[in-house]
Amino acid sequence: MPITIKTIYLGDLRTEATHLQSNAVVLTDAPVDNNGKGEAFSPTDLVCTALGSCMLTIMGIIANRENIALEGTTLDITKIMSVTPRKIKEIVINFTVPNADNLSAQQKQKLSNAAHTCPVALSLASDITQVVNFNW
């Protein structure tokens, strides 16, 4: 199996991850409340970002198949951490879908189902609460 991502520790609680197929680079920094400078995504921020991006991607697959205009859809993510143990406790995602008035109830349900069953959503530990709101 080929390597997907190569990550190097840069020091000062920072890493640089390179996606080998595309050479895209992501930097991480520890958050201020965990001894870092908060100057880049933290690893737990990336988990939340991955969840939102995965949801939008799977919704996009459905939108393409169903001829639904999903472009311009945005989401806001709130990450809630527990203190002991320090870990993600809850991820709140609020979607805003433009032109939602043009969508049928069935189309909205298909898009919602796609979001809730994306691979990242299904891969996260069951004790991480995922709150997903759609602003249709």
Side-chain angles (χ1 to χ4, degrees):
M1 198 81 131
I3 297 169
T4 305
I5 301 159
K6 183 82 163 183
T7 303
I8 184 169
Y9 182 67
L10 302 175
D12 293 325
L13 307 180
R14 295 180 180 188
T15 69
E16 179 183 279
T18 303
H19 180 257
L20 297 180
Q21 184 175 347
S22 66
N23 285 322
V25 174
V26 174
L27 298 174
T28 69
D29 190 11
V32 174
D33 68 347
N34 199 26
N35 303 307
K37 296 179 182 176
E39 294 177 346
F41 284 97
S42 72
T44 54
D45 290 341
L46 290 178
V47 170
C48 298
T49 301
L51 177 61
S53 295
C54 187
M55 287 179 167
L56 273 175
T57 300
I58 301 304
M59 289 170 63
I61 291 170
I62 298 302
N64 287 345
R65 185 180 324 148
E66 301 284 326
N67 201 27
I68 298 170
L70 198 60
E71 291 79 6
T73 296
T74 60
L75 54 85
D76 296 317
I77 301 171
T78 302
K79 174 186 73 173
I80 301 165
M81 300 288 290
S82 65
V83 177
T84 306
R86 184 172 175 81
K87 65 182 212 119
I88 299 169
K89 178 170 107 176
E90 183 175 348
I91 304 169
V92 179
I93 299 182
N94 293 305
F95 282 88
T96 301
V97 182
N99 304 314
D101 293 341
N102 298 330
L103 298 176
S104 69
Q106 183 181 21
Q107 289 173 316
K108 291 176 183 178
Q109 188 61 52
K110 284 182 181 181
L111 292 171
S112 175
N113 289 345
H116 288 286
T117 58
C118 83
V120 174
L122 298 176
S123 297
L124 291 175
S126 61
D127 64 341
I128 297 175
T129 303
Q130 298 177 39
V131 178
V132 182
N133 302 304
F134 289 92
N135 299 310
W136 303 110

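Bear in mind the structure is a predicted one, so any value in this text is a computation, not a measurement. Along the sequence shown, residues carry numbers from 1.
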Hey, are the side chains of [X] and [Y] touching, using non-hydrogen atoms and a 4.5 Å cut-off?
| X | Y | answer |
| --- | --- | --- |
| Thr73 | Thr96 | no |
| Lys37 | Val32 | no |
| Leu20 | Ile5 | no |
| Asn34 | Pro31 | yes |
| Asp76 | Ile93 | no |

Task: Exceeds 12 heavy-atom contacts within 6.0 angstrom, atom CG of Asp127 - done: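 Check passes, neighbour count above 12.
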TODO: Inspect the surroundings of CG in Asp33 and state if more than 12 heavy atoms from other residues, nucleotides or ligands are less than 6.0 Å away.
DONE: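 Enclosed.
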For the hydrophobic clusters of this structure (ILVMFWY residues joined by side-chain heavy atoms under 4.5 Å, transitively), does one cluster hold both [X] and [Y]?
| X | Y | answer |
| --- | --- | --- |
| Phe134 | Ile91 | yes |
| Leu111 | Ile58 | no |
| Ile77 | Phe95 | yes |
| Leu56 | Val132 | yes |
| Leu51 | Leu70 | yes |

Donor-acceptor pairs under 3.5 Å, side chain of residues 98-106 to any protein atom, not counting sequence neighbours: which ones?
from, atom 1, to, atom 2, distance (Å)
Ser104, OG, Gln106, N, 3.4
Ser104, OG, Gln107, N, 3.1

TODO: Identify the heavy atoms of Gln130 and Ala121 that sit nearest to each other, and give their distance.
DONE: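 Taking every non-hydrogen atom into account, NE2-O, 3.1 Å.
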Open item on the list: Give me the atom names and distance for the closest heavy-atom approach of Ile62 to Ala114.
Closed with: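 So the minimum-distance heavy-atom pair works out to CG1-CB, 3.7 Å.
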Task: Contacts of type side-chain contact (heavy atoms from CB on, under 4.5 Å), residue Leu10, not counting sequence neighbours - done: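 Leu10: side-chain contact (heavy atoms from CB on, under 4.5 Å) contacts with Ile8, Arg14, Glu16, Leu27.
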Task: Members besides Val131 in its Ile/Leu/Val/Met/Phe/Trp/Tyr cluster (side-chain heavy atoms under 4.5 Å) - done: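 ILVMFWY cluster around Val131 also holds Ile80, Val92.
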Measure the spacing between [atom1] of [X] and [atom2] of [Y] and express it to the nearest 0.5 Å.
| X | Y | atom1 | atom2 | answer |
| --- | --- | --- | --- | --- |
| Glu39 | Thr28 | CD | OG1 | 12.0 Å |
| Ser123 | Ile128 | OG | CD1 | 10.5 Å |
| Ile68 | Lys110 | CD1 | NZ | 7.5 Å |
| Ser112 | Met59 | OG | CE | 8.0 Å |

TODO: Could you tell me whether the side chain of Asn94 and the main chain of Leu75 form a donor-acceptor pair under 3.5 Å?
DONE: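 Between the backbone of Leu75 and the side chain of Asn94 there is no qualifying donor-acceptor contact (under 3.5 Å).
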Task: salt bridge (charged side-chain N to carboxylate O under 4.0 Å, His left out) partners for Lys89, two or more places apart - done: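 Expected list: none.
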Task: Counterpart residues, side-chain hydrogen bond (donor to acceptor under 3.5 Å, both in side chains), relative to Lys79 (two or more places apart) - done: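 For Lys79, the residues satisfying side-chain hydrogen bond (donor to acceptor under 3.5 Å, both in side chains) (neighbours in sequence not counted) are Ser42, Thr44, Asp45.
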Open item on the list: Test of understanding: with side-chain hydrogen bond (donor to acceptor under 3.5 Å, both in side chains), list the residues that count as partners of Asn113, not counting sequence neighbours.
Closed with: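 Scan of Asn113 (side-chain hydrogen bond (donor to acceptor under 3.5 Å, both in side chains), adjacent residues dropped) gives Gln109.
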Task: Criterion side-chain hydrogen bond (donor to acceptor under 3.5 Å, both in side chains) on Thr15 and Thr7, from CA distance to verdict - done: CA-CA 7 Å; Thr15 69; Thr7 303; 5.9 Å; no
